[in-house]
Amino acid sequence: MMFIRRALAGAVVLGVAAAGLTTTASAGPSRVRWADCTPEGHDDPALVQGSQCATLRLPVDWRNPDGPTFDLSIARRTAKGKRVGVLVFGPGGPGDSGVDRIKTGMTRFSADLQDRFDIVSFDPRGIARSNPVQCSAALLAKQPSPIITSTAEFTATISYNRQLTTDCREHTGPLYDHIDTWQTVRDLDAIRRALGESTISFHGSSYGTLLGAQYAETYPNRVRAMVVESVIDHGSPTTKSFLDVQAAAAQDSFDEFVKWCDASASCALHGQDIHALWAGLLARSGDPFKLSFQVFRLLYDPEWRVLAQTLKDLETPAAAAVPSGLAQNPLAVFCQDWNLPVKDYREYAAHLQRLARNNQDMRYPGQLMAVSMCLGAPKANNPQHVLDVHGLKTPVLLANAIHDPATPYRMAQSVQRQLGRSGVLLTYDGWGHGSYNSSPCMQSTIDNYLIAREVPRRGSSCAAVPPVG
């Protein structure tokens with residue numbers, strides 16, 4: 001998911017690390033020493049069976065490779081048939097666990113991919129088992145709403161953000177200031193080296209596409225094939241352009257839901273004025289952003305029937321208990337990857353007013369929190385820039401749905417333009433965040449590219465498959 005997937009899901013309490021042995025990446029091309037992964041928490045042991053886990057000891061800061069280290073958690077499943085090589089999956093979020101994907105989520109990959117590749121993934125630095133960013137749960141739960149309505153609230157948000165940063169740094173250690181994607185690119189290449197591979201194939205999803213694009217930019221000769229699915233444009237230069245394109249995509253997906261509901265008798269709101277109903281819900285809500293985010297998430301698959309029933313039944317949720325102890329804060333990486341400054345409340349209010357004016361329903365996109373939570377932050381370690389990719393052996397294959405609520409199709413088009421001859425965009429003429437599993441056409445085209453490096457013709461697209469939920 002793009003950026004804010006877990007922002008409102010509540011505190012994520014620390015889990016137990018996966019079983020595995022440690023390898024120091026700087027040891028050279030020696031093979032990783034794998035051990036069987038063990039079930040954790042609510043894992044189904046039958047799903048975990050066959051997965052292998054390990055850790056790599058890597059520098060906290062690749063600019064100071066002889067300094068402090070941390071353990072990066074990785075996992076794999078070996079090819080079941082005639083092996084092509086290694087396929088590394090770049091998890092999204094930020095906050096998604098690649099280790100969990102390998103242990104219990106292999107349905108993400110087709111049988112053909114599982115047959116031909118060792119499929120490897122990892123928990124990015126600062127996430128899950130890889131020295132997670134930890135903060136006081138009670139403080140994290142007090143995060144201010146991104147709907148800031150006064151100068152006092154703007155100032156208070158900056159004060160809170162700085163307090164949270166101090167708290168998270170204290171509980172996380174030195175890694176906290178080095179969790180940006182520039183560092184993760186070097187982690188990915190350390191995985192390649194530790195596996196003893198001269199090149200890797202890569203499939204990045206959502207926030208993982210930022211990692212993939214920057215890896216191709218940094219190590220073009222080490223890419224055998226690369227898919228970036230649900231594409232993030234890290235070249236967006238201003239706060240205005242970033243917010244506008246995100247809100248427009250969310251509004252487009254909401255409009256598609258309304259069209260479906262108007263045409264489908266199975267919609268719980270069929271025949272009603274959904275725009276008016278939604279406006280009333282927002283007006284009565286004690287937290288319009290949280291309410292909007294709930295709807296935003298249901299546009300991902302998309303789950304149109306569930307969304308219609310949710311809007312029909314929606315009631316003000318009960319106040320949640322204040323959590324205690326420590327909780328993970330996977331979104332901390334965002335402020336190290338993006339410079340999205342807002343100089344004062346007047347400018348912030350202008351953004352809110354413009355978003356409301358241009359987007360009838362989704363005036364509070366999920367990514368608004370990415371701006372508010374970075375107010376007052378220092379300049380990013382890995383700021384936005386236009387890609388400069390040369391020397392790739394095969395073009396990067398971009399995949400995006402036209403109606404993606406979280407990574408707009410316009411972003412994929414922008415990244416394709418930046419890649420030039422080194423990028424080919426495969427369009428899914430349908431809905432949702434993610435497209436690989438949305439249609440047999442998308443899956444087979446991507447699989448053929450990854451396995452045989454058959455690059456689809458420019459302008460290729462796959463027909464929409466109507467959502468089932």
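Along the sequence shown, residues carry numbers from 1.
The main-chain N or O of S150 is never found under 3.5 Å from a side-chain atom of Y348 such that the two would form a donor-acceptor pair. Not one N or O on the side chain of T209 forms a donor-acceptor pair closer than 3.5 Å with the backbone of E229. Judged purely by atom type and a 3.5 angstrom limit, T166 uses its side chain to pair as donor or acceptor with the backbone of R162. Between the side chain of T165 and the backbone N or O of N161, at least one donor-acceptor pair lies under 3.5 Å. The main-chain N or O of D123 is never found under 3.5 Å from a side-chain atom of S97 such that the two would form a donor-acceptor pair. The backbone N or O of A248 lies less than 3.5 Å from no partner atom in the side chain of D252, so there is not a single donor-acceptor pair. A donor-acceptor contact shorter than 3.5 Å links the side chain of R458 to the backbone of R421.
In terms of heavy-atom proximity, C462 sits nearest to T445 at SG-OG1, 4.4 Å. Nearest heavy-atom pair across F70 and P59 is CE2-O, 3.5 Å. Between S121 and P91 the shortest heavy-atom distance is OG-CD, 3.8 Å. Nearest heavy atoms, I158 versus G376: CG2-CA, 4.0 Å. The two residues I274 and V258 make their nearest non-hydrogen contact at CG2-CG2, 4.1 Å.
A side-chain N or O of S241 and one of T238 form a donor-acceptor pair less than 3.5 Å apart. There is no side-chain donor-acceptor pair under 3.5 Å between S292 and R363. Donor-acceptor pairing under 3.5 Å is recorded for the side chains of Y436 and S110. Between the side chains of S414 and Q418, at least one donor N or O lies within less than 3.5 Å of an accepting N or O. No donor-acceptor contact under 3.5 angstrom links the side chains of Q443 and D447, judged on distance only. With no hydrogens or angles considered, a side-chain donor-acceptor pair links D255 and Q251 at under 3.5 Å.
Between F89 and R108, the closest side-chain pair of non-hydrogen atoms falls below 4.5 Å. With contacts defined as side-chain heavy-atom distances shorter than 4.5 Å, the pair V465/Y428 qualifies. No side-chain heavy atom of I200 sits under 4.5 Å from any side-chain heavy atom of V120. Counting heavy atoms from C-beta outward, H390 and P220 have side chains that stay 4.5 Å or more apart.
For F117 and F109, the ring centers are positioned 6.0 Å apart or more. For W431 and W260, the ring centers sit 6.0 Å or farther from each other.
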From CA spacing to verdict: side-chain hydrogen bond (donor to acceptor under 3.5 Å, both in side chains), D189, Y215: CA-CA 8 Å; D189 200 56; Y215 186 84; 2.6 Å; yes
side-chain hydrogen bond (donor to acceptor under 3.5 Å, both in side chains) between N381 and Q183, intermediate numbers included: CA-CA 9 Å; N381 299 338; Q183 300 279 358; over 6 Å; no
R186/D61 under salt bridge (Lys or Arg N to Asp or Glu O under 4.0 Å): CA gap, chis, key distance, verdict: CA-CA 10 Å; R186 276 76 189 166; D61 181 2; over 6 Å; no
Worked verdict on F254 versus F257 for ring-ring contact (aromatic ring centres under 6.0 Å, His included): CA-CA 5 Å; F254 190 91; F257 158 67; 5.8 Å; yes
side-chain hydrogen bond (donor to acceptor under 3.5 Å, both in side chains) between T427 and Y409, intermediate numbers included: CA-CA 9 Å; T427 300; Y409 186 70; 2.6 Å; yes
Test side-chain hydrogen bond (donor to acceptor under 3.5 Å, both in side chains) applied to T184 and R125, step by step: CA-CA 7 Å; T184 306; R125 55 172 57 211; 4.5 Å; no
Salt bridge (Lys or Arg N to Asp or Glu O under 4.0 Å) assessment of R101 paired with D96: CA-CA 9 Å; R101 174 63 63 193; D96 291 352; over 6 Å; no
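Considering only residues two or more places apart in sequence or on other chains, Y176 meets the ring pair (Phe, Tyr, Trp, His ring centres under 6.0 Å) condition with none of them.
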